[in-house]
Enquirer: 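Input: one structure, supplied below.
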Amino acid sequence: MVKTLSERLPLRLVAALALLVASAHAWSQATVDKSVGKLLDRQKLESEIDAEGDYKLTFDVGGGRTQVVWVRSGASRFGDLAVREVISIGAAAPGGVIPPALADRLRVFNAQSNLGAWARNDDHVVFIARVPSDLDGKRLASAIELVARSADEVERELGAADGF
């Protein structure tokens, strides 16, 4: 007979786990910067809020292709400067390994980029632009487009299906 979670764990532990899950959910909801959503709405950019409280957009890059882009809800602060990340996945990097030819191409791109850079994030290669958190909607939309097109360009060059 299979025991349920409450039968296997003491009641106090089950209650503590439930409280932790509820707190984590409330925390992620509390970190949503609604001003970002308003900027996206004004630019007629449809988005949804993901589990981490970030804004997720599916950007049409043309040719029947789309690219998923995230706009971080939270901002990082450096003195008086606050920046927000705009991110999109360009390639898979299973086990965190980036093929040498791709790594070389991304290094060249990073050296020439005016806004944004390629980085490894877990099992993916992502393009990240860090923009001022008080950027107006038009400029935020431009950053989103740049990130989406940059990530899709790498995805296409690798011959990958439209997976990100």
Side-chain angles (χ1 to χ4, degrees), residues 16-17 19-61 66-158 163-164:
L17 287 171
L19 182 59
L20 181 63
V21 169
S23 296
H25 177 71
W27 178 82
S28 71
Q29 295 302 314
T31 61
V32 174
D33 183 343
K34 299 209 184 285
S35 69
V36 175
K38 290 176 185 175
L39 291 173
L40 297 173
D41 288 346
R42 282 189 215 125
Q43 296 302 311
K44 299 185 180 4
L45 295 172
E46 291 183 31
S47 65
E48 62 184 75
I49 298 172
D50 70 9
E52 287 80 34
D54 299 322
Y55 289 84
K56 179 181 174 184
L57 302 92
T58 301
F59 190 86
D60 182 353
V61 291
T66 59
Q67 190 69 30
V68 176
V69 177
W70 288 268
V71 178
R72 293 274 191 226
S73 194
S76 299
R77 299 197 178 282
F78 306 97
D80 291 340
L81 177 65
V83 296
R84 182 180 321 283
E85 292 181 333
V86 181
I87 303 168
S88 187
I89 299 170
V97 177
I98 301 173
L102 177 58
D104 287 342
R105 187 206 179 294
L106 298 179
R107 275 192 286 275
V108 169
F109 183 91
N110 284 350
Q112 298 170 346
S113 178
N114 290 327
L115 177 67
W118 286 98
R120 183 181 57 79
N121 184 352
D122 298 325
D123 288 343
H124 296 100
V125 177
V126 297
F127 189 76
I128 304 172
R130 291 181 176 95
V131 299
S133 65
D134 60 355
L135 208 58
D136 65 41
K138 186 175 180 179
R139 289 184 176 97
L140 179 59
S142 293
I144 291 167
E145 181 175 0
L146 171 84
V147 168
R149 292 190 185 284
S150 297
D152 186 65
E153 181 181 335
V154 166
E155 187 179 24
R156 275 186 294 114
E157 281 183 18
L158 295 174
F164 303 115

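Keep in mind that this is a model prediction, so the values were computed, not measured.
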Enquirer: Considering residues at least two apart in sequence or located in another chain, which fulfil the side-chain hydrogen bond (donor to acceptor under 3.5 Å, both in side chains) criterion with S35?
Expert: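 Applying side-chain hydrogen bond (donor to acceptor under 3.5 Å, both in side chains) to S35 gives D33.
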
Enquirer: Rounded at 0.5 Å granularity, tell me how far CG in D152 sits from CD in E157.
Expert: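 The CG atom of D152 sits 10.0 Å away from the CD atom of E157.
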
Enquirer: How close do G95 and D123 get, counting heavy atoms only, and between which atoms?
Expert: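 That would be N-OD1, 3.3 Å.
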
Enquirer: If you take all heavy atoms of K34 and Y55, which pair is closest and at what distance?
Expert: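 Heavy atoms of K34 and Y55 come nearest at CA-OH, 3.5 Å.
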
Enquirer: When you compare the side chain of L57 with that of S47, does any pair of heavy atoms fall below 4.5 Å?
Expert: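 Yes, close enough: below the 4.5 Å cut-off.
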
Enquirer: Is it the case that the side chain of R130 and the backbone of V83 share a donor-acceptor pair, with hydrogens and angles ignored and the cut-off at 3.5 Å?
Expert: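 Between the backbone of V83 and the side chain of R130 there is no qualifying donor-acceptor contact (under 3.5 Å).
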
Enquirer: Is the backbone of A117 close enough, under 3.5 Å, to the side chain of N110 for a donor and an acceptor to pair up by distance?
Expert: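 No.
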
Enquirer: Any heavy-atom pair between the side chains of F109 and S150 that's under 4.5 Å?
Expert: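 S150 vs F109: side chains touch.
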
Enquirer: Which pair of heavy atoms, one from L39 and one from G137, lies closest together, and at what distance?
Expert: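 Nearest heavy atoms, L39 then G137: CD2-N, 3.5 Å.
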
Enquirer: Quick one: does any side-chain atom of D60 pair with a main-chain N or O of T66 as donor and acceptor, under 3.5 Å?
Expert: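 No, D60 side chain to T66 backbone: no donor-acceptor pair under 3.5 Å.
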
Enquirer: Rounded to the nearest 0.5 Å, what separation is found between the OG atom of S133 and the CZ atom of R72?
Expert: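 Rounded to the nearest 0.5 Å, the OG-CZ separation comes out at 15.0 Å.
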
Enquirer: Using side-chain heavy atoms (C-beta onward) and a distance below 4.5 Å, is V36 in contact with R84?
Expert: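 Touching, per the 4.5 Å side-chain cut-off.
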
Enquirer: I need the minimum non-hydrogen distance between A143 and V86, along with the two atoms involved.
Expert: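 Taking every non-hydrogen atom into account, O-CG1, 4.3 Å.
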
Enquirer: Can you confirm whether I89 sits close enough to V68 that some side-chain heavy atom of one is under 4.5 Å from a side-chain heavy atom of the other?
Expert: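 I89 does not reach V68 side chain to side chain.
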
Enquirer: Would you mind reporting whether V154 and L106 have side-chain heavy atoms less than 4.5 Å apart?
Expert: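 Yes, at least one pair of side-chain atoms sits under 4.5 Å.
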
Enquirer: With respect to S73, which candidate in I49, D54, D50 satisfies the side chain to side chain contact (heavy atoms under 4.5 Å, CB included) definition?
Expert: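 Answer after filtering I49, D54, D50: D54.
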
Enquirer: Can you name the closest pair of heavy atoms from F59 and A148 and give their distance?
Expert: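 For F59 and A148, the tightest heavy-atom pair comes out as CD2-CB, 3.6 Å.
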
Enquirer: Enter the distance from L81:CG to D134:CG here, rounded to the nearest 0.5 Å.
Expert: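 Spacing of CG (L81) from CG (D134) equals 8.5 Å.
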
Enquirer: When you measure from the side chain of N121 to the backbone N and O of H124, does any donor-acceptor pair fall under 3.5 Å?
Expert: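 Pair absent, no side-chain N/O of N121 close to backbone of H124.
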
Enquirer: Between R107 and D104, does at least one N-O distance fall below 4.0 Å, as a salt bridge requires?
Expert: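 Between D104 and R107 there is a salt bridge, with a charged N closer than 4.0 Å to a carboxylate O.
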
Enquirer: What distance separates E155 CD from Q67 CD, expressed to the nearest 0.5 Å?
Expert: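 Those atoms lie 5.0 Å apart.
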
Enquirer: Side chain to side chain contact (heavy atoms under 4.5 Å, CB included) for L45 and L140? Distances and angles first, verdict last.
Expert: CA-CA 11 Å; L45 295 172; L140 179 59; over 6 Å; no

Enquirer: Just wondering, do V147 and W70 contact through their side chains at under 4.5 Å, heavy atoms?
Expert: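 They are not in side-chain contact.
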
Enquirer: Hey, could you give me the CG/OG distance between L115 and S113, rounded to the nearest 0.5 Å?
Expert: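 The distance works out to 6.0 Å.
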
